[in-house]
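Structure, as structure tokens:
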Amino acid sequence: MPAAEDVKKCPVCGSTKLIFDPERGEIVCTSCGYVVAQNIIDTGPEWRAFDASQREKRGRVGAPITYTIHDKGLSTMIDWKNKDIHGHELSATTRAQMYRLRKWQRRIRVSDAAERNLAFALSELDRMASQMGLPRNVKEMAAVLYRKAVMEHLIRGRSIEGVTAACLYAACRMAKVPRTLDEIEEVARVDKKEIGRSYRFIARELNLRLPPTSPIDYVNRFADQLGLSERTKSRAIKILQEAIKKGLTSGRGPMGVAAAALYIASVLEGEKRTQREVAEVAHVTEVTVRNRYKELVEKLGIKLNI
DNA sequence: AAGACGAAAGTGGTTGA
DNA sequence: TCAACAACTTTCGTCTT
């Protein structure tokens, strides 16, 4: 897949009318529907400025906050001794004032830490989403989930990394652009187990009722990676709808089923891909593709003239 | 030589006692 | 907590094109 900025013309029909679909992070040809580029990393700011003062306000300049320098610029502490700089005892009113000041400094520090953790989580989310080329709405959804998790005090005892990854996973599913745990794991700094655990936990606690992922949600992405036409895509989707109706998909890994449907569709539409190729983009083995496609062909009565 | 096929043993996660 | 279980993977030999 070419880099986004290199593409000026649709390689299929030659049209120059390409539009960017931020929902899916893809550049699509408006005349034939071909996905010219995908997994585009959105490098722009997530805000818009209408005049200079807004830009001034919204712009955040420089590298992300450096977390290595603790309390930078705010490190002046109020001494616990009730003495002034000459060593004299403070008056009762000043002493009371100092007491209140200390109390507030303590409180501010605490909320500061929470802020810092949130900022860290959000920048982590941003990094992972960008690395995976996920569209912005997914990123935002994940951020909302994370904030909810913070408000419900679900982070205690769990790693920030794990929960952010889990939020991203959930957001992908909610947006119907599912990614596997493996794909998340590649960009996360925690392992799959941890992500899965955190995901189940927050899904339960936040009452996220996420329907099991449908194989259909995978068709677009896989088909694009295989360079398959729209015809083949919709053929695969038709096959899957049939299969779902007959209950052939329940209990099966959705990716394996999607891969099998695409394989069948590719053969039927005369742009055959090998089982190996299909298996690769779907992150399953050839054997699984084989087993699923055998089932589909048999139960749906599809004739393959190979 | 590459792809498709299928048997058999192994793996990790869920479920139910 | 543990064993049973289904889905999926790995591996490998055979057949087909």
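Chain naming here is simple, since letters A, B, ... match the order of the sequence lines and numbering starts at 1 in each.
Distance, A:E185 CD to B:dG12 C1': 13 Å, rounded to whole Å. Atom CD of A:Q275 is separated from atom C1' of C:dC15 by 14 Å (rounded to the nearest Å). Between the CG atom of A:N291 and the C1' atom of B:dA8 there is a distance of 13 Å, given to the nearest Å. Atom CZ in A:R276 sits roughly 18 Å away from atom P in B:dA1 (whole-Å rounding). Here the P atom of nucleotide C:dA7 and the CZ atom of A:R252 are 5 Å apart, to the nearest Å. A:R273 has its CZ atom 19 Å from the P atom of B:dA2, to the nearest Å. Residue A:K294 contributes atom NZ, which lies 19 Å from atom C1' of C:dA7 at whole-angstrom precision. Nucleotide C:dA7 holds its P atom 18 Å from the CZ atom of A:R290, rounded to whole Å.
The shortest side-chain heavy-atom distance between A:L262 and A:S266 does not fall under the 4.5 Å cut-off.
Listed by first residue number, the stems of DNA chain C with at least three Watson-Crick or G-U pairs below 3.5 Å are B:1-11 with C:7-17, B:13-17 with C:1-5.
Residue A:Y293 has no polar side-chain atom (N or O) positioned under 4.0 Å from OP1 or OP2 of B:dA4. A close approach under 4.0 Å does occur between a side-chain nitrogen or oxygen of A:K272 and OP1 or OP2 of B:dA4.
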Side-chain atoms of residues 236-244 of chain A: list all donor-acceptor pairs with protein atoms under 3.5 Å, sequence neighbours left out, distances to 0.1 Å.
none

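For A:E205, the side-chain contact (heavy atoms from CB on, under 4.5 Å) partners at least two apart in sequence or on another chain are A:L154, A:F201. Taking A:E280 as the reference, A:R276 meet the side-chain contact (heavy atoms from CB on, under 4.5 Å) condition, with sequence neighbours excluded. Residues passing the side-chain contact (heavy atoms from CB on, under 4.5 Å) test with A:T213 are A:R173, A:P178, A:Y218, A:P254, sequence neighbours excluded. Remark: A:E295 engages A:R252, A:R292 in a side chain to side chain donor-acceptor pair (under 3.5 Å) (not counting sequence neighbours). Under the side-chain contact (heavy atoms from CB on, under 4.5 Å) criterion, A:R189 pairs with A:E124, A:R127, A:E161, sequence neighbours left out. Residues passing the side chain to side chain donor-acceptor pair (under 3.5 Å) test with A:R200: none are found, sequence neighbours excluded.
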Pairs: protein N or O with nucleotides 13-15 of chain B N or O, under 3.5 Å:
from   : atom 1 : to     : atom 2 : distance (Å)
B:dT14 : OP1    : A:R200 : NH1    : 3.2

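Counting non-hydrogen atoms under 4.0 angstrom, A:R197 reaches nothing in the nucleic acid. Using a 4.0 Å heavy-atom cutoff across all strands shown, A:T274 reaches sugar-phosphate atoms only and no base atom.
A distance of 11.5 Å separates OG1 of A:T164 from CG of A:D126, quoted to the nearest 0.5 Å.
Across B:dA7, C:dC8, B:dC5, the shortest atom-to-atom separation from the side chain of A:R292 is found for C:dC8.
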